[in-house]
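Structure below; questions to follow.
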Amino acid sequence: MTVIDPETQAGWVPEADEVDEEEEMPLSLRLSIADTLTLGNATCGFMAVYFTTTGILIPHLTGSQESGMARHSAATAVILMLCAAVFDLFDGLVARKLRSSPMGAELDNLSDLISFGLAPAYFVLVYGMVADDAHQRVAAVGAIVVLLAVVLRLARFSCVTLKDGMFQGMPSPFGALTVVSIVLLELPFVATLLAILGTAWLMVSRVEYPKPRGRLAGAMLSWIVLSMGLLAAWAFDAPSGQLLLQTGCALQLVMGAVIPLFATARRVNNFRDNRREARAAQLP
């Protein structure tokens, strides 16, 4: 019912209706559970940069080089990247099981850029500044290549539609963990740089990688938890902690190299099978 003011002759609408209309939030601004996990991913990436700066870079610049503190900070930074990978794994699973908001895909790309682009690239940059045999400017170029590779990979992921269950190029979380594993192996600088550039190339390549679903997701989660344990053992200077960490980093590199080989072999076999079927269809 509309009430007419006799003096103004203006219609008056109940205020409750106006408040309800104003308080109704657009669907595009409502965060889902998956979006909350994605924001956790971004937070972990930012904190990885923080610990890399305060625990490794600043002590090096100020001359207070305490190897124990640097080791703890490096381990903390990498563990945070691993936590970001866990958030990235579960936000996709939750989004498929429940729902995702209209801005879920954008949030995921932006968070991945922080955790798996900026954080590992910054880790490489700081390595170039603090390592004895490293060259700062060359390491900076390597860091830029890693960052741009992640940017290009995420942009392509948003534009290219692939068959279900496959990624094109090394996934950015796997690439980020491979990059930091290369740095933690403490190889000679030239070998480290070449391995980092090779990882960046794999991220923008057309090599197909399986998406972490089902048993593969469980295996990936188990590997992340194991990696956290290895990093903790190294950080607290446990017996054989250095050897355990180097073994874990070497396994990460082996997986990064073997998966493309299996993918290439599978593609070649599929191509041969298709040719055989085509020839068999042409026979009378």
Side-chain angles (χ1 to χ4, degrees), residues 25-52 75-123 146-147 149-162 164-181 203 209-232 248 252 255-256:
M25 183 179 295
L27 290 176
S28 61
L29 298 180
R30 295 178 182 176
L31 292 177
S32 65
I33 298 176
D35 296 334
T36 305
L37 295 174
T38 303
L39 293 178
N41 171 5
T43 302
C44 289
F46 175 77
M47 292 305 297
V49 173
Y50 169 79
F51 277 100
T52 304
T76 303
V78 179
I79 287 175
L80 284 166
M81 293 184 213
L82 289 167
C83 290
V86 173
F87 279 119
D88 184 62
L89 175 65
F90 278 101
D91 69 0
L93 297 175
V94 171
R96 285 190 291 271
K97 293 292 184 181
L98 301 177
R99 68 175 183 87
S100 60
S101 71
M103 58 181 178
E106 296 299 329
L107 283 177
D108 189 61
N109 278 346
L110 293 172
S111 298
D112 286 354
L113 179 59
I114 296 172
S115 299
F116 311 125
L118 176 62
Y122 187 71
F123 199 80
V146 170
L147 179 62
V150 175
V151 170
L152 292 172
R153 196 210 173 285
L154 293 174
R156 186 177 65 184
F157 177 76
S158 300
C159 300
V160 178
T161 302
L162 297 175
D164 189 39
M166 300 300 296
F167 286 121
Q168 189 178 76
M170 179 183 286
S172 52
F174 194 87
L177 298 181
T178 303
V179 166
V180 297
S181 296
M203 283 193 280
Y209 286 76
K211 290 185 178 180
R213 296 179 181 176
R215 293 182 179 179
L216 185 58
M220 180 178 176
L221 182 61
S222 300
W223 173 247
I224 290 175
V225 173
L226 176 61
S227 299
M228 289 181 179
L230 295 176
L231 285 163
Q252 178 72 29
M255 288 191 295

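None of these values were measured; they are calculated from a predicted model.
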Identify the heavy atoms of Met203 and Met170 that sit nearest to each other, and give their distance. CG-O, 3.6 Å

Heavy-atom closest pair (Gly256 atom, Phe174 atom, distance to 0.1 Å) is CA-CE2, 3.6 Å

Should Leu221 and Phe90 be marked as a side chain to side chain contact (heavy atoms under 4.5 Å, CB included) after you check the CA-CA gap, both sets of side-chain angles, and the distance that decides it? CA-CA 10 Å; Leu221 182 61; Phe90 278 101; 3.9 Å; yes

Heavy-atom closest pair, residues Asn41 and Ser111: ND2-CB, 3.7 Å

Please check if any side-chain donor atom of Ser32 sits under 3.5 Å from a side-chain acceptor atom of Asp35, or the reverse. yes

When rounded to the nearest 0.5 Å, the distance separating CH2 of Trp223 from CG of Leu82 is 10.0 Å

Looking at Ile33, I'd like to know if its CD1 atom is crowded, meaning that more than 12 non-hydrogen atoms belonging to other residues, nucleotides or ligands lie closer than 6.0 Å. no

How long is the span from the CG atom in Leu177 to the CE atom in Met220, to the nearest 0.5 Å? 7.0 Å

Exercise: identify the closest heavy-atom pair between Ala119 and Val49: CA-CG2, 3.9 Å

First locate atom OG of Ser115, then atom CG of Asp88, and finally report the distance between them rounded to the nearest 0.5 Å. 8.0 Å

CG of Asp108 to CG of Leu39: how many Å apart, nearest 0.5 Å? 10.5 Å

Nearest heavy atoms of Gly45 and Ile114, plus distance in Å: C-CG2, 4.0 Å

Could you state the interatomic distance from CG (Leu113) to CZ (Arg153), rounded to the nearest 0.5 Å? 12.5 Å

Nearest-0.5 Å distance, CD1 of residue Ile224 to SG of residue Cys83: 9.0 Å

Of the non-hydrogen atoms in Phe87 and Cys44, which two are nearest, and what is the gap between them? CE1-SG, 3.7 Å

